[in-house]
Amino acid sequence: MAKKYYPTIGLEIHAELKTQTKMFCGCKNNPDEEKPNVNICPVCMAHPGTLPVINKKAIENVIKVGLAIGGTIADFTEFDRKNYFYPDIPKGYQISQYKYPIVSGGHLAGFDITRVHLEEDTANNKHDRGDFSLIDFNRAGVPLMELVTEPNTFDEADVAAKTTSNFAKELQLILWYLGVSEANMEKGEMRVEANISVSEDKNKLGTKVEVKNLNSFKSVEKAIKFELDRMIELHESGKGEEIVQETRGWDESKQKTFSQRKKESSHDYRYFPEPDLPKMFLHEAFPLEKIKKELGELPVEKRTRYKKDFGIKDEDIESYINDKELGVWFEEVAKMLDSGDKTKIASNYITSDYMGLKKNNLEALPPSARNFAELINLVADNKISSRVAKDILAMIILKDESPLQIATEKNLLQKNDEGSIKIIVEKIINENPDVVSIYKGGKENAIMSLVGKVIKESNGSANPKMVIEMLKNLLI
Ligand code: ZN
Ligand code: MN
C-alpha cells in the first residue's frame, strides 16, 4: 500500500501592466512592437547618470489588483534595487520592491496571497540567431507586477495541479476585468513559476523545486502533475534524497520537466532602497475608497449575479465570464424574454448552437438581441421546431433578419392545424407499407422513422408531438 503524500504549491506570477509608457521613463509600452530597439531611451538602456521617474498609472494598476483580491494597500511603500548580473539588465540591478510591497495579503481562488509588488521588466535576450546573442530593449523597463502566494498544501496531486491552473486563470480574468494587463501567457505577458514539493508530513515542507517556462494554463496543470508524480515516485522507490532544490523547465514537446540549474546557494541580491526614487505614501496619493468603488464587477460577483438572476448552468456562466461581450449580449437577450425558462433556452442556444456555428464560420456575428429573442420566442412557443430554429440561427448569424419573417416566407412555421398535417401523415403511411407493418407487428420504435419522414416532408414545420399522436391513431 502506497503511502500518502501531501503536495505543496506556491506561486510567483509576473504580469506586464498595460500602461501608455514604461515604468520609469517616457518610452512607449508596446508589447506588440515587432521591430527591435525602437521604444528605448537612455533611462531604459541603463546609461549612467540617467534618473528614473515613477509611472503613477502602474502603481494605480497594482492598487486595483490589491483591492480586487482583498489585500491590504500599504501606506508607506518604496522601491529597492535587486542586484544581480545578467545581459538583459545592464544596470546591474532591477528596480523592484522588497520590504514594503504595495499589497500585502489577500485571497483568490483557493490561494492565500502573500504580496503583490511592482518592478521593471528586463530586456529580451535572443539566443536563436546563431553563435551570438542579440538583446532587444523594447521590453526593458515595462511595468511588471509580481504576485506571490503562500505555499498551499493539498491532499492529491490532481487537485493541486487543477487548483493551481484555475488560480492562474482566475488571476488572468481579474487582470482583464480591471483592464490592467492583457496577461496573454503565450506572448509572455503573464509568466507563471511554481514552487513544488511533496511531504509525508502535512505540517512539514519537502525539498522544493521551481518550475518555469509555463506558457499556458494547460502546461501549468500538466507540469505540476508531472513534477508531483516524479517526486512521489522517487519517494516510493526509496530515492527521496534525489529530489534536490533546483530550477526545472517544462518541455512542451516531451511533456516533461527537466533540470535547468541546481541551486548551489540562495542568491544574495543585496537589496537596498533605490536612492534615485522618492518614498511614497499611497493613502495620501490615491483615493483608495473611490478606486475601490470604481473597480467594476469582478468575475466572482458576475458569477453570483448570473446564477441568481438567470439560474443558468455553471458552464454557460463560465462562457459569459470568459467572453464579456458574449455575456453582455446574453443579458440583452434575457431582458427581452418574459420567462426564466425562455432565458435558459436562449442560453442553451447561445453556448451550444451559436458558439458551435461561430467556430466553423469566422464571418458569423451575434444577431441583434431583438432578432435572437424573437427566435427563442418562436421555438419556446412551439411555433417552429428546434430543427428549424437551428437552421434560422445559421441564417441570422450571417444576415441579421427577423426569424418570424424568414419562417413565414419559407413556410417553416410549425403546422399545428390538423388538416394539413393529416394529409402528409396519410401520404407517408401509404408510401411506407413495410415500416407500417413492422410497427403493427409490435416494434413500437418503428413509428419514429415515420415521424422523421413526415417532418422532413413538411420541411421541419410539422409539430412532432402532433405527428406522433396522429400516426398512433391512424395505425391502430
Ligand atoms: Zn525608456
Ligand atoms: Mn520578479
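What you see is a predicted model; the values in this text were computed from it and never measured.
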So, the side chain of [X] versus the backbone of [Y]: is there a donor-acceptor pair under 3.5 Å, distance only?
| X | Y | value |
| --- | --- | --- |
| E182 | N184 | no |
| D75 | H283 | yes |
| S181 | E16 | yes |
| T21 | K28 | no |
| E12 | V148 | no |
| H107 | F111 | yes |
| N152 | G110 | yes |
| E274 | D276 | yes |
| N124 | R139 | no |

Looking at every heavy atom in both [X] and [Y], which two are closest together, and how far apart are they?
| X | Y | result |
| --- | --- | --- |
| V192 | A168 | CG2-CB, 4.4 Å |
| V379 | Y349 | CG2-OH, 3.7 Å |
| L175 | A183 | CD1-CB, 3.9 Å |
| T149 | T114 | C-OG1, 3.1 Å |
| F137 | C44 | CD2-O, 3.7 Å |

Going by heavy atoms in the side chains, are [X] and [Y] under 4.5 Å from each other?
| X | Y | answer |
| --- | --- | --- |
| E120 | P143 | no |
| Q97 | E119 | no |
| E210 | R248 | no |
| L173 | K169 | no |
| I102 | I63 | yes |
| K22 | C25 | yes |
| L67 | I291 | yes |
| Y354 | P366 | yes |

Verdict with reasoning, R303 to E170, per salt bridge (charged side-chain N to carboxylate O under 4.0 Å, His left out): CA-CA 12 Å; R303 276 189 196 102; E170 194 66 15; 2.9 Å; yes
Is the NZ or CZ atom of [X] positioned over [Y]'s six-membered ring, under 6.0 angstrom from the centre and within 45° of the axis?
| X | Y | value |
| --- | --- | --- |
| K82 | Y269 | yes |
| K204 | Y6 | no |
| R81 | F272 | no |

Chi angles and distances behind the salt bridge (charged side-chain N to carboxylate O under 4.0 Å, His left out) call for K99, D80: CA-CA 8 Å; K99 256 195 196 153; D80 295 88; over 6 Å; no
Intermediate values then yes/no, side-chain contact (heavy atoms from CB on, under 4.5 Å), T163 and F154: CA-CA 9 Å; T163 308; F154 298 87; 3.6 Å; yes
K342 vs D338, salt bridge (charged side-chain N to carboxylate O under 4.0 Å, His left out): CA-CA, chis, key distance, verdict: CA-CA 7 Å; K342 283 184 181 172; D338 57 17; 3.4 Å; yes
Examine the side chains of [X] and [Y] and answer whether a donor and an acceptor come within less than 3.5 Å of each other.
| X | Y | answer |
| --- | --- | --- |
| Y320 | E331 | no |
| D400 | N371 | yes |
| N61 | K18 | no |
| S339 | D341 | no |

Salt bridge (charged side-chain N to carboxylate O under 4.0 Å, His left out) between E227 and R230, intermediate numbers included: CA-CA 5 Å; E227 189 55 26; R230 185 186 76 90; 2.7 Å; yes
Neighbour count >12 (heavy atoms, 6.0 Å) for atom [atom1], [X]:
| X | atom1 | value |
| --- | --- | --- |
| Q20 | CD | no |
| E363 | CD | no |
| E301 | CD | yes |
| Y98 | OH | no |

[atom2] on [Y] to [atom1] on [X], rounded to 0.5 Å:
| X | Y | atom1 | atom2 | value |
| --- | --- | --- | --- | --- |
| K344 | L337 | NZ | CG | 13.0 Å |
| L134 | D128 | CG | CG | 8.5 Å |
| F76 | F281 | CZ | CZ | 5.5 Å |
| K307 | I317 | NZ | CD1 | 5.0 Å |
| D201 | K4 | CG | NZ | 13.0 Å |
| L205 | N195 | CG | CG | 10.5 Å |

From CA spacing to verdict: ring-ring contact (aromatic ring centres under 6.0 Å, His included), F79, F24: CA-CA 11 Å; F79 285 100; F24 299 115; 5.3 Å; yes
Salt-bridge criterion met for E60 and K64 (N-O under 4.0 Å):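 Salt bridge: yes.
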Chi angles and distances behind the ring-ring contact (aromatic ring centres under 6.0 Å, His included) call for W329, F372: CA-CA 10 Å; W329 181 54; F372 190 78; 4.9 Å; yes
Reference residue L282; test side chain to side chain contact (heavy atoms under 4.5 Å, CB included); the match among I73, L288, V62: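 That would be I73.
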